[in-house]
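Below: one structure, written as structure tokens.
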Amino acid sequence: MRNVGIVGIGHIKFGKLEFELVDIMAWTALEAMKDAGIENGIDQVFVSNMGGGIINRQCGIASALVSNLNLEPAMAELVENGPASGSSAVKLGYMAIASGLANVVLVTGGETMRSLNGWQATDFVATLLHPEAEYNYGLTLPAFAGMFTRLYMEKYGLTEQHLAMISVKNHDNAALNPFAHVRLPVTLEAIYGNPDANVINPYMAEPLRIYDMCPVSDGAASLILCNMDIANRFRKKPIRIAGIGQATDTHCVHNRKDPLELTAVKGASEKAYKMAGIGPKEISFAELHDAFSILEVAESEEIGLFERGKAKNAIELGETRVTGRIPINSSGGLKAKGHPVGATGVSQIHELVKQLRREAEPGRQVKEPNYGLAINFGGHAEEN
Amino acid sequence: MIIDELEKRLRPVEKKLPPYPPKVITLASGEKMVVRQATRDDGPVLLETVRPLIDVERDFYDVVAARVYSELLGWYRYRVADEYCLVGTIDGVIASLVNGRTVNETTGMSYHTITIKRGLRCGAQMFAAKMEYHFEYLKQKEVLIVAESPIGYKRWMIEYQLEARPQVQHELGGVPTHVLTEPLYQAAKPRLVTGQRPVSPQLLATADEFIAPSEYPQIPGFKR
């Protein structure tokens with residue numbers, strides 16, 4: 001297999017955007033091409049998006065993006081894999097180059113969700129659950145996350161205060177990230193244990209509160225991937241994709257042996273570590289899929305950054321802050337940077353590249369970044 | 001003298017509304033938002049605060065700001081009866097304000113909620129304070145409410161599960177009327193109404209004189 005690197009990145013500020021889906025994708029693609037120093041020469045385009053057909057009533061988005069950018073006759077496909085669509089598109093881009101099918105690939109992820117209200121957005125994402133065994137009974141992703149959190153708390157002694165500390169950390173990071181949806185720092189005193197906290201930070205899916213949940217966002221991000229053999233043709237030094245892995249778990253959560261085990265997360269990370277020839281100890285920082293704050297905790301343990309049940313100790317010690325031993329979600333995470341589902345996986349890699357290039361904004365640049373790891377999570381860990 | 005006499009006839013007959021006791025709410029940012037009732041003397045600074053938003057199309061700020069401006073001006077110049085205005089301030093700077101009036105002893109009329117500081121649910125807290133005023137201090141049985149923006153619809157109609165009463169004409173005219181009844185208010189109160197009393201004298205002093213915002217997130221580049 002050929003080695004693959006990332007030589008261009010583009011990102012739009014997440015939030016409420018008053019532009020068409022393909023237009024925001026195109027904007028980030030142009031930013032990525034500019035970053036790479038190219039105007040054409042793209043062999044393949046992969047577009048990640050989850051809700052184009054449902055929310056925007058638009059299909060054939062990849063071809064539309066190619067046309068918008070005048071990149072014809074580049075090959076183009078849409079990748080829909082729930083909220084893990086972004087990383088799936090990156091994986092396919094990697095495969096296309098590694099296999100020799102393409103030399104330069106544009107990967108763009110995008111989603112516009114703000115036209116929906118919170119309930120509609122929750123329903124839209126819930127369409128990835130099992131239609132008869134889960135969705136029909138009113139189950140949603142926040143409901144699963146709430147039940148997961150309760151079980152985790154009972155087994156490992158995690159508290160709501162730990163979750164609030166994650167939220168505070170991620171809001172602090174997002175406040176320094178110009179692409180973040182929510183750039184407002186919050187304080188632990190205000191969202192936890194304060195007499196006003198039950199209203200300021202109300203339960204949404206007990207024990208998860210509103211500050212444990214990601215916002216509904218519009219947004220897009222793009223990457224230019226290339227064959228490492230031709231990387232010197234581009235403006236920026238390439239960031240090599242050392243390892244990449246994917247795994248799935250049972251569609252129905254009730255079919256899992258232990259609902260607290262995210263075996264797809266574990267499996268995907270083990271494959272990535274093996275390909276890269278490294279282990280968790282070599283990881284300098286990570287972008288984890290914290291659609292709910294509990295997922296940052298659980299994923300950080302599944303990928304071996306902490307022993308099972310011990311992530312809470314790291315939270316208490318501040319080890320996951322940007323200044324800590326193993327920074328997590330220096331971008332602000334889904335929690336505060338935002339979660340336009342189809343864009344999220346691409347946005348996570350954008351952050352890894354930015355950190356590894358040492359181009360992050362002052363105050364959120366990770367010290368000595370050597371290896372970054374991203375986990376993009378679909379459904380209740382059906383796809384990773 | 002004739003002008004004075006005419007003015008007297010033009011002015012609505014007003015009753016003295018019970019005061020809304022100030023409260024303080026700790027926002028998620030840790031900032032303390034003091035909520036206190038405005039007086040007519042505060043009129044100019046309130047108008048100065050709202051006026052720049054009249055040109056902001058996004059999120060229907062233009063519609064809401066134009067209406068609030070007119071309502072506050074009408075109140076300031078004695079053309080609306082029994083109107084009140086509650087103001088939320090952070091370090092004295094106006095973050096959000098709400099207004100309304102009483103129709104009679106049992107029925108209140110919610111006018112508007114307008115928020116300058118976004119992202120901290122200041123508007124939601126101020127709307128809750130307005131409902132608190134109607135039910136806890138004016139002792140009314142129901143409040144007539146309309147929404148003129150999607151944000152308002154989500155915040156009020158959905159979060160409070162308001163009763164639709166389209167056959168009732170709201171003073172804002174035409175937009176479907178919804179009603180917050182006392183039972184609905186009591187059901188929503190633990191979830192949606194907060195704030196601590198009394199406010200310390202030092203904190204309350206910060207809200208003695210309202211300060212118009214020098215910047216508006218809705219108007220990039222605006223400087224007062």
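In what follows, every chain begins at residue 1, and chains take the letters A, B, ... in the order their sequences are listed. Since this is a predicted model, take the numbers as computed values, not measurements. FYI, side chains are in, hydrogens and waters are out, and symmetry mates aren't considered; it's all heavy atoms of this structure.
Remark: E148(B) CD is packed, more than 12 non-hydrogen atoms of other residues, nucleotides or ligands lying under 6.0 Å away. The number of heavy atoms from other shown groups lying within 6.0 Å of CZ (F222(B)) is above 12. Crowding of D62(B) atom CG: a count of heavy atoms from other residues, nucleotides or ligands under 6.0 Å exceeding 12.
The salt bridge (charged side-chain N to carboxylate O under 4.0 Å, His left out) search around R51(B) returns none, not counting sequence neighbours. Contacts of F124(A) classified as ring pair (Phe, Tyr, Trp, His ring centres under 6.0 Å), with partners at least two apart in sequence or in another chain: none.
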For a quick check, list the donor-acceptor atom pairs closer than 3.5 Å between chain B and chain A, or say none.
{"unit_1": "T26(B)", "atom_1": "N", "unit_2": "D196(A)", "atom_2": "OD2", "d": "2.9"}
{"unit_1": "A28(B)", "atom_1": "O", "unit_2": "T187(A)", "atom_2": "N", "d": "2.9"}
{"unit_1": "R58(B)", "atom_1": "NH2", "unit_2": "K16(A)", "atom_2": "O", "d": "3.1"}
{"unit_1": "D59(B)", "atom_1": "OD1", "unit_2": "K16(A)", "atom_2": "NZ", "d": "2.6"}
{"unit_1": "T194(B)", "atom_1": "OG1", "unit_2": "D196(A)", "atom_2": "OD1", "d": "2.6"}
{"unit_1": "G195(B)", "atom_1": "N", "unit_2": "D196(A)", "atom_2": "OD1", "d": "3.1"}
{"unit_1": "Q196(B)", "atom_1": "NE2", "unit_2": "D196(A)", "atom_2": "OD1", "d": "2.6"}

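With a 4.5 Å cut-off on non-hydrogen atoms, P150(B) does not touch chain A at all. Residue I25(B) touches chain A through both its backbone and its side chain, counting heavy-atom pairs closer than 4.5 Å. With a 4.5 Å cut-off on non-hydrogen atoms, P195(A) touches chain B through its backbone and its side chain both.
For the atom pair CG (L27(B)) and CG (L184(A)), the distance works out to 10.5 Å, reported to the nearest 0.5 Å.
The choice from V199(A), I200(A), L188(A) that makes the most heavy-atom pairs within less than 4.5 Å of chain B is V199(A).
Contacts of residues 201-211 of chain B with chain A at a heavy-atom distance below 4.5 Å are absent; not one residue qualifies.
Closest heavy-atom contact between G30(B) and A190(A): N-CB, 3.7 Å.
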